[in-house]
S.K.: 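Pasting in a structure now, in structure tokens, and then I'll have a few things to ask.
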Number of protein chains: 2
Amino acid sequence: MKSEDIARLAGVSRSTVSRVINNYQNVPEETRKRVMKVIEEYQFHPNNSARVLAGKKTDTIGLFIVSIAERDNINRIYRNNYFSPFVDAVIDSANANGIYVLVNSIYTIKDYEKIKRAFIERRIDAGIIVGTEKEIDVIADVVSMGYPFSIIDYSPEEVVHRIKKGRVAVINSTDDEGIHRMIEYLAGLGHRDIGILSGRMNTYSGRVRYEAYQKALKEYGLISKKEWVLKGEFIKKTAAQEVLKMINHGKLPTALLCCNDDMALSAIEVLQNEKINIPEEISITGFDDIMPASLVKPALTTVRVPLYSMAQKAVDEVLKMIGDTSDSLNIFNLETELVIRDSCKKIN
Amino acid sequence: MKSEDIARLAGVSRSTVSRVINNYQNVPEETRKRVMKVIEEYQFHPNNSARVLAGKKTDTIGLFIVSIAERDNINRIYRNNYFSPFVDAVIDSANANGIYVLVNSIYTIKDYEKIKRAFIERRIDAGIIVGTEKEIDVIADVVSMGYPFSIIDYSPEEVVHRIKKGRVAVINSTDDEGIHRMIEYLAGLGHRDIGILSGRMNTYSGRVRYEAYQKALKEYGLISKKEWVLKGEFIKKTAAQEVLKMINHGKLPTALLCCNDDMALSAIEVLQNEKINIPEEISITGFDDIMPASLVKPALTTVRVPLYSMAQKAVDEVLKMIGDTSDSLNIFNLETELVIRDSCKKIN
DNA sequence: CTGAAAGCGCTTACAG
DNA sequence: CTGAAAGCGCTTACAG
């Protein structure tokens with residue numbers, strides 16, 4: 001079944017069928033109805049390739065999930081607590097707007113070429129990327145070719161610096177405020193020795209969270225001891241090693257601020273294995289508020305990142321940009337929220 | 001940049017460029033090299049729509065995630081522990097084979113039409129569906145139109161009954177054996193009063209797990225009391241209500257077999273809120289082995305469903321079927337595995 | 001081994 | 001308001 005068949009059955013030309021499908025105004029109601037009836041009767045849907053080739057949009061956006069650090073892991077992004085809900089949310093939002101989502105995983109630097117390729121092959125109208133570290137070149141390229149992009153968790157300064165023309169949206173959360181509130185909370189509980197289990201510094205959120213920690217400590221007149229600055233890279237295993245090293249090293253801080261929940265969960269596990277009680281002997285905090293955070297014992301005090309809203313925003317912005325060819329650079333910072341649960345304790 | 005440009009630059013015709021791209025054998029090595037050089041120099045990739053329109057595959061598969069019962073939930077599949085890893089795994093496997101994945105969520109019966117539409121619009125070569133309940137009509141339709149499909153968690157009998165021609169693969173796990181081993185394990189611990197928190201009976205795995213429970217009880221000479229048969233529908237909230245009802249009703253069983261981990265987690269939460277100790281006062285078991293299962297306290301004894309392998313299998317089979325136009329109906333049952341942790345206790 | 005040409009199924013400027 | 005025709009960028013049977 002093709003538009004020609006519909007045309008014949010409705011007694012019009014293919015042009016008219018096309019006009020009906022594309023909602024042209026200059027089709028008399030009567031004709032439109034006649035054509036629509038045939039279309040519905042035969043459940044006709046135009047061949048997308050033909051439409052695209054003739055100049056229509058693909059009505060598809062590409063979602064690119066970067067997971068380079070995990071590439072040696074057999075399970076790779078499988079079991080990744082952070083990305084999964086994000087993927088779901090993007091699909092959800094896009095589908096709700098009648099837009100298809102082509103999802104791609106990126107495990108190596110070379111995989112970045114897949115992004116450009118998807119555009120050159122004309123498979124997608126726009127892209128959303130999450131998990132990029134410093135590899136923004138391909139994005140800059142694609143954007144300069146005229147394709148819109150939403151970038152999640154990336155330095156706005158760098159985007160401004162690297163991307164001079166085109167359509168981009170940068171979507172972050174207010175991680176600095178989140179960390180600030182957390183330190184404020186811990187300081188309020190009487191903590192003065194607050195360690196940090198930092199994330200990957202190649203990552204925007206990794207840097208922001210770390211810097212916000214340093215800044216907030218100063219603000220509250222606290223000092224960050226070198227042996228309490230642990231480099232966890234956002235990875236459970238690395239985090240576990242760092243925490244174990246700290247335990248073996250000697251004195252513990254009274255609180256350990258972990259830069260994501262995955263690492264916090266890992267820290268809790270290691271500490272409990274070593275018979276160190278949480279929160280009695282050490283308070284632990286996380287960041288992100290992934291699902292298991294509320295399930296562990298003690299339930300994790302953390303900062304909620306509005307992943308779902310961020311995904312929604314990314315989709316909304318990208319769709320807006322598809323509809324408007326003028327250059328634009330929009331930066332969004334969605335609100336984080338302190339979630340107090342049971343992993344921190346007041347001290348004297 | 002289009003194939004015509006490449007042709008001009010390489011001093012050949014478009015036909016030859018196309019032959020090079022499509023690996024035709026009758027192109028002399030020298031010519032091939034010359035063309036390839038230009039292609040690489042300009043990073044040329046053929047317009048996919050044009051290729052598809054000319055008769056090539058889309059190199060894209062559609063992944064359809066059904067989540068009808070959750071449609072009133074604001075978060076919908078967001079936070080769904082079961083599907084997320086599956087989605088990741090499918091994307092992973094497909095991408096590794098150079099295949100794109102178009103992911104669609106299905107929340108209403110009407111949404112099922114999206115499946116047919118994706119094929120009619122020629123966006124995908126094949127489909128994978130997960131989460132279907134009784135709605136197999138559209139799949140039967142699409143398969144009879146000649147498109148291959150992998151179906152996850154569905155009754156093989158029903159597929160055989162409903163789909164008479166076409167290419168289908170059904171991928172399940174050996175949930176019956178999983179339940180059997182679990183009952184065997186519980187019986188071995190001395191449990192004689194084993195309740196069940198059942199899943200959704202419209203679901204294949206929901207039925208299999210429930211029936212396997214009944215059968216295993218008989219085998220071990222145990223009886224299933226009516227007030228210990230709880231209908232949880234695979235949903236946390238419903239499960240919580242059922243468990244609470246049981247608690248208020250009076251005597252508890254010594255063990256409660258939950259038909260998925262989500263419900264088990266929910267049960268644990270409710271029981272602990274009511275100051276009922278696990279596993280001292282009641283043993284709890286789950287099914288699936290989702291991530292939080294190992295994180296809760298007590299860590300959940302459960303049955304691992306090989307989701308990653310199932311996703312992989314679904315992709316492999318669908319790709320095979322794309323390459324082979326002969327009718328086929330293949331049924332796979334991947335092995336489940338008993339995972340013993342801390343939520344069950346030996347009794348006298 | 002290779003090019004000219006037809007054809008895939010649409011859309012849309014053009015002419016009426 | 002509407003149809004005939006050109007064009008989108010490929011692939012491939014055909015002819016040489």
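The structure presented is a predicted model; accordingly, all values stated were derived computationally and were not measured.
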S.K.: Could you tell me whether B/K164 atom NZ has more than 12 heavy atoms of other residues or ligands within 6.0 Å of it?
M.R.: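 It does: B/K164 NZ has more than 12 such atoms within range.
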
S.K.: Nearest whole Å is fine: how far is D/dT11 P from B/D59 CG?
M.R.: 12 Å

S.K.: Grab the CZ-P distance between B/R122 and C/dG9 for me, whole Å please.
M.R.: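 After rounding, the reported distance stands at 8 Å.
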
S.K.: Determine whether a donor-acceptor pair (N or O, by modelled atom type, separation under 3.5 Å) exists between the side chain of B/N97 and the backbone of B/I99.
M.R.: no

S.K.: Less than 3.5 Å apart, any donor N or O on the side chain of A/S49 or B/R51 sitting next to an acceptor on the other?
M.R.: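 No, no side-chain donor-acceptor contact under 3.5 Å.
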
S.K.: Using a heavy-atom distance cut-off of less than 4.0 Å, which residues of residues 10-26 of chain A contact DNA chain C?
M.R.: A/R14, A/S15, A/S18, A/R19, A/N22, A/Y24

S.K.: Within less than 4.0 Å of OP1 or OP2 of C/dG9, is there a side-chain N or O belonging to A/S3?
M.R.: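 For C/dG9, OP1/OP2 do not have a side-chain N/O of A/S3 under 4.0 Å.
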
S.K.: Whether A/K37 and A/E41 form a salt bridge (side-chain N of Lys/Arg under 4.0 Å from carboxylate O of Asp/Glu) is what I want to check.
M.R.: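 Salt bridge between A/E41 and A/K37, a charged N being under 4.0 Å from a carboxylate O: no.
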
S.K.: Mark yes or no for whether B/N172, through its side chain, and B/Y154, through its backbone, hold a donor-acceptor pair below 3.5 Å.
M.R.: yes

S.K.: Whether A/D5 and A/R8 form a salt bridge (side-chain N of Lys/Arg under 4.0 Å from carboxylate O of Asp/Glu) is what I want to check.
M.R.: yes

S.K.: Give the rounded distance in Å between these two atoms: CE of B/M1 and C1' of D/dC10.
M.R.: 15 Å

S.K.: Rounded to whole angstrom units, what separation is found between the CG atom of A/N47 and the C1' atom of C/dC10?
M.R.: 7 Å

S.K.: Find out whether the Lys NZ or Arg CZ of A/R167 is both under 6.0 angstrom from the six-membered ring centre of A/F149 and within 45° of the ring's axis.
M.R.: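 Geometry flag: not set, cation outside 6.0 Å or 45°.
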
S.K.: Which dot-bracket string describes DNA chain D (Watson-Crick N1-N3 plus N6-O4 or O6-N4, or G-U N1-O2 and O6-N3, all under 3.5 Å; [ ] crossing; | other strand)?
M.R.: |||.||||||||.|||

S.K.: Got a second to check how far B/R14's CZ is from B/K2's NZ, nearest 0.5 Å?
M.R.: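 Between atom CZ of B/R14 and atom NZ of B/K2 there are 8.5 Å.
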
S.K.: Could you tell me the separation between the CG atom of B/L53 and the P atom of C/dT11, rounded to a whole number of Å?
M.R.: 12 Å

S.K.: When you check the gap from the basic side-chain N to the acidic O, do B/E317 and B/K313 get nearer than 4.0 Å?
M.R.: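 Judged by the 4.0 Å cut-off on N to carboxylate O distance, B/E317 and B/K313 do form a salt bridge.
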
S.K.: Is the shortest side-chain N/O distance from B/K56 to OP1 or OP2 of D/dT12 below 4.0 Å?
M.R.: yes

S.K.: Report the distance from atom CD of B/E4 to atom P of D/dT11, rounded to the nearest whole Å.
M.R.: 13 Å

S.K.: Work out how far the C1' atom of D/dT12 is from that of D/dG16, and round it to whole angstrom.
M.R.: 16 Å

S.K.: Check whether the side chains of A/K56 and A/N22 place a donor and an acceptor atom closer than 3.5 Å, and report yes or no.
M.R.: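 Yes.
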
S.K.: Do other residues, nucleotides or ligands put more than 12 heavy atoms under 6.0 Å from B/E30 CD?
M.R.: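 No, not enclosed.
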
S.K.: Mind calculating the distance between NZ (B/K2) and P (D/dG9) to the nearest angstrom?
M.R.: 4 Å

S.K.: Quickly work out the B/R8 CZ to C/dT2 P distance and round it to whole Å.
M.R.: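 Rounded to whole Å, this separation is 19 Å.
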
S.K.: For DNA chain C, find the residues of residues 27-44 of chain A with a heavy-atom distance under 4.0 Å and give them by number; none if there aren't any.
M.R.: A/F44

